[in-house]
Amino acid sequence: MSAAPDRRTPVAVLGATGAVGQSFIRLLEGHPWFRLAEVAASERSAGKAYGEAARWVGNSDMPADIRAMTVRACDPSDVTSGIVFSALDSSVAGEAEAAFARAGRMVLSNAKNFRMDDDVPLVIPEVNADHLALLDMQRKNRGWTGAIITNANCASIMAVMPLAPLHAAFGINRLFIATMQAVSGAGYPGVPSLDILGNVVPYIKDEEPKIETEIQKMLGRRVNGRIEPATMVISAHANRVPVENGHTVCLSIGFERRVSAADALEVLRAWRGDPAAHGLPSSPERALVVTDLPDRPQPRRDVDAGRGMTVTVGRVRDDALFDVKMVAMGHNTIRGAAGASVLNAELLVASDRMTGA
Ligand code: NAP
């Protein structure tokens with residue numbers, strides 16, 4: 001008896017050899033809707049077997065079927081899948097992702113290049129699934145038959161999870177954010193060990209402005225087909241810390257009216273996110289979990305919550321300077337990168353937005 005045909009949609013990963021690329025490979029293994037059909041990377045890797053080109057990191061083994069795949073060039077003439085996940089370095093993502101969108105592919109990007117463009121959705125399905133409507137403008141403006149959908153910088157995603165319900169309930173007008181970002185956020189090989197072991201580096205190139213503007217865009221409202229960014233004032237400090245996986249963000253939040261920690265906790269506990277994100281294959285049972293433990297969240301203990309897709313928030317307390325302060329933490333290469341893109345692709349499929357309106 002022959003095996004049943006695999007009816008899953010073939011997908012490709014660009015930048016498949018890097019830290020986020022490997023996270024894609026792990027998440028796509030056994031995916032119910034998508035089948036990883038092609039992997040692509042730089043000309044250093046193209047033409048080699050994936051097992052030879054990639055230095056596999058992380059605790060699970062490299063999937064056997066991926067090991068033998070030939071790495072392709074990041075060019076739409078070499079990669080044929082209709083859905084393309086991009087974990088490309090930003091130095092090359094701009095040109096490569098545009099070429100794929102022009103060639104009719106749906107590109108789910110982790111890179112910063114297009115995130116802040118007016119006609120490019122910057123999406124977390126639980127928070128702003130309606131921003132996908134920007135795709136109509138993108139197709140009209142650019143004449144592409146495909147499209148680019150982005151997910152935010154990994155630290156911004158951790159922050160936006162608790163901020164979204166609080167902004168909807170009370171209106172945030174001031175935000176102070178200090179991040180403690182894991183070394184895997186810098187890719188592979190990333191930060192030299194002698195710079196980070198036993199140390200904290202209070203600088204991540206370009207990170208602070210990205211955090212400030214991306215949060216405003218994701219919390220923005222759709223008005224006349226465009227996104228009106230949230231007007232809150234944001235001050236971000238970004239730090240690299242010697243943690244393997246898991247970005248922690250400390251948030252002090254000011255609201256348009258007086259809000260207590262008890263008010264904030266009630267809203268955070270009740271929040272389930274946009275129903276459009278419920279029941280998708282990568283949706284966690286809870287996108288945001290509140291912990292009452294006095295010393296949590298911690299990367300070591302909480303980073304794998306919801307298979308890396310849950311953000312844990314804790315230490316919610318009154319703040320003498322603003323109104324409320326808290327700590328949020330989540331997995332930077334899953335919820336903050338590859339898992340975010342896979343969830344966005346599932347949302348696209350489920351909301352019938354794979355092709356133009
Ligand atoms: P990485 O480990 O440095 O991997 C970069 C990937 O890009 C590799 O597969 C590399 O292929 C490929 N590449 C480099 N130059 C290329 C070229 N000229 N042509 C084609 N491919 C090229 O970086 P990463 O941490 O995975 O990050 C990937 C992207 O995701 C970046 O834009 C980053 O900012 C973003 N991001 C990362 C995180 C995170 O937590 N790490 C979170 C959110 C967003 P070779 O192996 O062949 O060189």
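Atoms within each ligand, like the ligands themselves, are counted from 1 in listed order. Residues take their numbers from the sequence shown, with the count starting at 1.
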What protein heavy atom sits nearest atom 48 (O) of ligand 1, and how far off is it? Arg44 NH2, 2.6 Å
Hey, does the Lys NZ or Arg CZ of Arg174 hover above the aromatic six-ring of Phe322, less than 6.0 Å from the centre and inside 45° of the axis? yes
Ligand-residue contact atoms, ligand 1 with Ser184, heavy atoms, under 4.0 Å: 39 (C), 40 (O), 41 (N)
Evaluate the 4.0 Å heavy atom contact test for atom 33 (C) of ligand 1: does a protein atom fall under the cut-off? no
Is Leu197 atom CG crowded by more than 12 heavy atoms from other residues, nucleotides or ligands, each under 6.0 Å away? yes
Could you tell me, atom by atom, which parts of ligand 1 come under 4.0 Å of a heavy atom of Ala111? 32 (O)
Numbering the atoms of ligand 1 from 1, which are under 4.0 Å from a heavy atom of Ala337? 42 (C), 43 (C)
Is any side-chain heavy atom of Val11 closer than 4.5 Å to a side-chain heavy atom of Phe24? no
Is any NZ, NE, NH1 or NH2 atom of the basic residue among Asp206 and Lys112 found under 4.0 Å from an Asp or Glu carboxylate oxygen of the other? yes
Could you identify the single nearest non-hydrogen protein atom to atom 28 (C) of ligand 1 and state the distance to 0.1 Å? Ala87 O, 3.1 Å
Strictly below 4.0 Å, N to O, side chains only: are Arg67 and Asp61 in salt-bridge contact? no
Please walk me through it: do Glu126 and Leu343 pass side-chain contact (heavy atoms from CB on, under 4.5 Å)? CA-CA 10 Å; Glu126 291 90 345; Leu343 191 59; 3.7 Å; yes
How far is atom 18 (N) of ligand 1 from its nearest protein heavy atom, and which residue and atom is that? Val92 CG1, 3.1 Å
Counting both backbone and side chain atoms, is some N or O of Ala19 under 3.5 Å from an N or O of ligand 1? yes
Tell me the protein heavy atom at minimum distance from atom 36 (N) of ligand 1, and give that distance in Å. Asn110 O, 3.9 Å
For atom 31 (C) of ligand 1, what is the closest protein heavy atom, and at what distance to 0.1 Å? Leu88 O, 3.3 Å
Measure from the side-chain N and O atoms of Asp323 to the backbone N and O of Phe255, and report whether any donor-acceptor pair falls under 3.5 Å. yes
Purely on distance, is any nitrogen or oxygen of Tyr188 under 3.5 Å from one on ligand 1? yes
Nearest heavy atom to atom 20 (C) of ligand 1, choosing from Ala96, Ala40, Ser42, belongs to Ser42
Return a yes/no value for Asn332: is any of its N or O atoms, backbone included, closer than 3.5 angstrom to an N or O of ligand 1? yes
In this structure, atom 4 (O) of ligand 1 is nearest to the protein heavy atom Gly18 CA, 3.3 Å
Just distances here: any N/O of Lys112 and N/O of ligand 1 closer than 3.5 Å? no
Would you say Ala152 and ligand 1 have an N/O pair spaced under 3.5 Å apart? no
Can you establish whether the number of heavy atoms outside Arg300 located under 6.0 Å from its atom CZ is more than 12? no
Around Arg301, counting heavy atoms of other residues, nucleotides and ligands shown, do more than 12 lie under 6.0 Å from its CZ? no
List ligand 1 atoms under 4.0 Å from Ser90, heavy atoms only on the residue side. 32 (O)
For atom 26 (O) of ligand 1, the closest protein heavy atom turns out to be Val20 N, 2.8 Å
State whether the number of non-hydrogen atoms from other residues, nucleotides or ligands found under 6.0 Å of Arg7 atom CZ is greater than 12. no
Please check if atom CZ in Arg226 has more than 12 non-hydrogen atoms from other residues, nucleotides or ligands closer than 6.0 Å. no
Return yes if a side-chain donor-acceptor contact under 3.5 Å exists between Asp263 and Ser260, otherwise no. yes
Atom 7 (O) of ligand 1 has as its nearest protein heavy atom Asp89 N, 3.5 Å
Out of all atoms in ligand 1, which are within 4.0 Å of some heavy atom of Thr17? Include the element for each. 8 (C), 9 (O), 10 (C), 11 (O), 45 (P), 46 (O), 47 (O)
Parallel, tilted or perpendicular: which fits the ring planes of His31 and Phe34, with parallel below 30° and perpendicular above 60°? parallel
Using a strict cut-off of less than 4.0 Å between a Lys/Arg side-chain nitrogen and an Asp/Glu carboxylate oxygen, indicate whether Arg353 and Asp136 qualify as a salt bridge. yes
Distance filter under 4.0 Å to Thr333 heavy atoms, resulting ligand 1 atoms: 40 (O)
Which atoms of ligand 1 sit under 4.0 Å from any heavy atom of Gly336? 42 (C), 43 (C)
Would atom 45 (P) of ligand 1 count as contacted, meaning some protein heavy atom under 4.0 Å? yes
